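Have a look at the structure below, then the notes.
Values below: every heavy atom of this structure, side chains too, minus hydrogens, waters and symmetry copies. Lettering follows sequence order; numbering is per chain, from 1. All values derive from a computational prediction rather than experimental measurement.
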Amino acid sequence: MNNEERLKQMTRQQHQHEYVCRGVFERKGALSYIGHLDLKAVFERALRRAELPLLYTQGFNPRPMLVFALPLGVGLDTEGDYFDVSMEVPVEPEEYIRRINEELPDGLRVLSAVSIDEPKNSLMSVVTCASYRIEAPGITDAVLKVFGQESVETMKKSKGREIKVDIRPLLIKPLTSSAPDAAEYMCYAGSQQNLRPDVLLKALCETQGYDEKAALDARITRLALYGGTYPDLTSIEGLL
Amino acid sequence: MSKKHTEVKVPHSVLMSVESPGRYVGGEKNQIVKPITEGMVRTVFCFPDIYEIGMSNLALQILYKVLNGPEWSSCERAFSPWPDMDAKLRENNIPLYSLETKSPLNEFDVAAFSLGYEMCFTNVLQMLDLGGIPLLSKDRSEEDPIVVAGGPVTCNIEPMADFFDAVFIGEGEEVDLEFTAVIKKYKDEGKKDRKALLKELAKIEGVYVPSLYTPKFEGRRFAGFDMEEGAPASVKKRIIKDLDSVDYPTRPVVPNNNVIHDRAYLELFRGCIRGCRFCQAGFLYRPVREKSAKTLCEQGIAIMKNTGYDDLGMLSLSTSDYTGLPELTDGLLEDFKPKHQSLSLPSLRIDNFALELMEKASQTRKSGLTFAPEAGTQRLRDVINKGINEEDIMSALKLAFAGGWSTVKLYFMLGLPTETMEDVEGIADLAIKIEKLYFDTMRELGGKSRKPEITVSTSMFIPKPFTPFQWEEQNTREEFLEKQSHLRALLKKHRNIRYIWHDVETSCFEGILARGDRRLCPVILDGYKEGNIFAAWDQFYKDENWQAILARYDLKWEDFTKGWSTEDALPWDVIDVGVTKAFLKRERAKAYAETITENCRSKCAGCGAACYKAGICYE
């Protein structure tokens with residue numbers, strides 16, 4: 001348990017009740033070029049500006065209780081990521097969406113939200129799968145080819161060393177892509193096992209000879225996050 | 001002046017291959033994007049350092065708001081790209097652009113630089129070059145923007161005189177719009193005579209047009225200027241008389257990137273009553289003008305609401321000297337507490353009130369205490385008019401130690417006028433006495449004592465224009481190094497005392513820029529061409545290269561650091577900041593006599609700033 005989680009637990013123990021607003025948000029444009037911690041700070045400031053009845057962590061440095069389902073890397077767009085915000089009193093989802101969207105900078109928008117009383121599991125722990133879209137010339141074939149292979153080996157940095165990993169088992173299935181020069185797929189995601197799209201692109205360059213410059217220019221969008229066990233996937237919204 | 005508009009598109013791959021791409025995309029809360037219209041005067045506010053530093057700069061936020069005020073005026077932002085982005089822009093032939101409309105810098109009517117420190121000079125050239133603007137003022141055509149600068153450094157802009165078309169002396173809130181209004185008229189009338197425009201701009205009070213002045217030299221000495229007809233013999237600093245009456249940016253741009261100081265700022269007052277003789281800001285920003293506690297309280301609450309920050313920083317040269325401090329902090333804290341917001345109070349003089357306030361103001365752990373005795377002995381503190389004595393420091397620290405503080409930072413300068421090795425040793429003595437005081441206090445209280453953390457930090461004294469020490473000789477690098485190593489040896493055995501020091505080479509370079517003249521313009525130009533940007537960042541500062549360039553132009557460090565007699569012509573004599581030369585001479589004599597001057601609030605020292613008929617001089 002890291003320090004932040006410990007503080008949250010302290011807070012949970014001291015409050016009788018925690019009302020959580022679970023929101024789905026999209027991110028695009030300028031806001032896609034910031035890292036996970038900066039994104040969290042952008043949300044924190046927007047929540048404060050919205051003057052919502054935020055619940056704060058205890059301790060020397062109180063912070064709003066804000067949790068994201070899965071970190072969003074620099075450069076990644078999303079059409080459906082989840083985040084939980086803890087409130088002192090219940091807030092209607094419509095009211096929540098209206099107030100936070102007034103304060104978020106252009107490029108970030110909450111699409112929908114639900115209220116949850118006292119969630120039992122942390123939002124991070126319920127995520128198991130994700131779907132992505134990669135837009136780049138010739139990417140459709142390259143991704144399909146990978147799905148046809150038994151194993152896809154690439155080097156990955158782990159604890160300061162480079163180790164060889166097989167990412168094929170992390171890929172679940174290709175999805176039908178609506179656009180040319182785009183590939184959509186589903187893969188494992190979350191704290192247990194996770195395939196980052198940039199790692200997949202790197203593997204495409206290494207194993208399929210995919211152009212590195214094109215890979216760097218590829219636009220990647222996270223389409224959705226899921227819970228449950230594949231193939232019995234469930235929406236994160238309902239997972240407590 | 002150009003009317004076209006190009007939107008610069010930066011490929012995703014470029015942004016993905018540089019550090020912190022969020023610096024280069026804009027899109028922050030409260031940014032102002034005005035549609036570009038015909039006849040509008042477009043200014044790009046250029047900050048010659050990285051985004052994160054620029055966005056912490058209050059001048060940027062103030063002038064951004066001012067220049068975006070009238071319908072006919074717009075202001076956008078641009079920052080120095082970090083070396084990785086610099087290389088990518090060049091490699092891909094992408095011009096440096098503004099964050100709001102992504103316009104190349106050369107499509108603006110005015111490129112306005114904010115100069116807070118001398119070490120950013122080569123970054124000005126980097127931004128001009130990448131923005132497609134000719135580096136030298138004389139090479140610019142009708143199509144190019146008017147390149148201007150403001151900020152404290154403009155009080156001696158001579159080392160950069162060849163690059164700027166005009167500079168502002170003093171505070172920009174009023175003069176900036178007067179300036180752009182002249183440009184508006186020029187555009188509307190369809191005139192095409194840049195030289196005539198510059199002469200027109202020079203008529204505005206507080207505007208200095210360097211090209212109207214030609215320096216003369218006698219041997220290696222500066223010997224005054226030849227002036228063009230119509231050039232004012234003296235350019236007088238502009239100030240805002242009543243700070244309550246001007247707009248304050250209560251809706252500042254909130255960066256998405258992790259900036260250096262992640263908080264909102266509230267400016268309490270301008271100027272400083274203290275008159276420390278080494279401190280340029282203390283003379284430049286005279287007279288002291290306070291904002292009312294009522295105004296500040298309203299603005300502080302609004303700014304937190306509009307930004308969503310959880311910390312508000314008080315800005316001034318000396319927080320404790322703000323007369324309305326108890327009223328202001330009470331008012332703000334009452335509002336902040338339930339919202340989990342805190343106050344940052346830098347440069348507080350430590351006493352009972354300050355310690356209590358620090359405890360109330362911040363919800364975080366007890367942070368370190370900071371003292372700036374500046375010199376190690378009372379004799380030298382009197383020379384520099386630092387109105388603080390050893391008993392003050394010791395009694396304040398005793399209170400603090402008893403109150404649970406154990407981390408102390410002490411700031412000193414090496415190379416102050418009249419300094420001897422005895423004074424340097426005084427720094428070590430003071431730090432050791434403080435260490436002993438800590439243990440004595442702990443013993444008296446009978447509690448178990450943690451180890452104290454005492455940090456001694458020394459910087460190099462650099463004589464600056466418009467201070468009583470403007471004529472002084474600066475220590476040589478050998479002298480600085482000797483003092484540093486002596487002090488290091490004295491403190492070596494003391495485990496609880498950490499000694500940190502500034503880099504001597506960069507400080508010496510800053511010294512020649514601070515009091516330099518136009519002979520340095522080609523030096524800075526060559527330095528830029530040879531890749532010396534981000535000189536303020538130690539890892540990029542290339543001393544050998546600068547030495548070689550100086551030698552190329554037959555210049556020596558001593559030409560700019562050896563000092564002057566008080567009767568000599570000075571490169572910044574055309575500038576009038578209100579404080580008179582006669583007063584500075586008096587203060588210099590008093591420094592040598594080791595006599596202190598009382599602060600402005602207890603007794604007027606007749607510095608000359610009363611000519612502004614404002615602030616403390618007329619309270």
Inset, instruction - Could you look at A215(A) and say if it's the side chain, the backbone, both or neither that has a heavy atom under 4.5 Å from chain B? - result: neither

Inset, instruction - Examine whether an atom of V254(B) lies under 4.5 Å from a heavy atom of chain A, and if so say whether it belongs to the side chain, the backbone or both; otherwise answer neither. - result: side chain

Inset, instruction - Grab the two heavy atoms, one from N256(B) and one from P105(A), that are nearest each other, plus how far apart they are. - result: OD1-CG, 4.3 Å

Legend entry - Which portion of V74(A) sits near chain B, non-hydrogen atoms under 4.5 angstrom: both

Legend entry - Region of L104(A) in contact with chain B, defined by heavy-atom distances below 4.5 Å: backbone

Legend entry - Side chain to side chain, R45(A) and D262(B), heavy atoms closer than 4.5 Å: yes

Legend entry - Side-chain touch D310(B)/R63(A), heavy atoms, less than 4.5 angstrom: yes

Legend entry - Polar side-chain atom of R48(A) near backbone of G308(B) as donor-acceptor pair, under 3.5 Å: yes

Legend entry - Rounded distance (nearest 0.5 Å) linking atom CD of Q31(B) with atom CG of D106(A): 8.0 Å

Inset, instruction - Tell me, please, which residues at least two apart from S406(B) pass side-chain hydrogen bond (donor to acceptor under 3.5 Å, both in side chains). - result: R450(B)

Legend entry - Plane angle bin for H340(B) and Y56(A) - parallel if under 30°, tilted between 30 and 60°, otherwise perpendicular: parallel

Legend entry - Which portion of E103(A) sits near chain B, non-hydrogen atoms under 4.5 angstrom: both

Inset, instruction - Answer yes or no: does atom CD of E95(A) have more than 12 heavy-atom neighbours from other residues, nucleotides or ligands under 6.0 Å? - result: yes

Legend entry - Crowding at CD, E334(B) (>12 non-hydrogen neighbours, <6.0 Å): no

Legend entry - Over 12 non-hydrogen atoms of neighbours within 6.0 angstrom of NZ in K102(B): yes

Inset, instruction - Measure the shortest side-chain to side-chain distance between R49(A) and K305(B) over non-hydrogen atoms and say whether it is less than 4.5 angstrom. - result: no

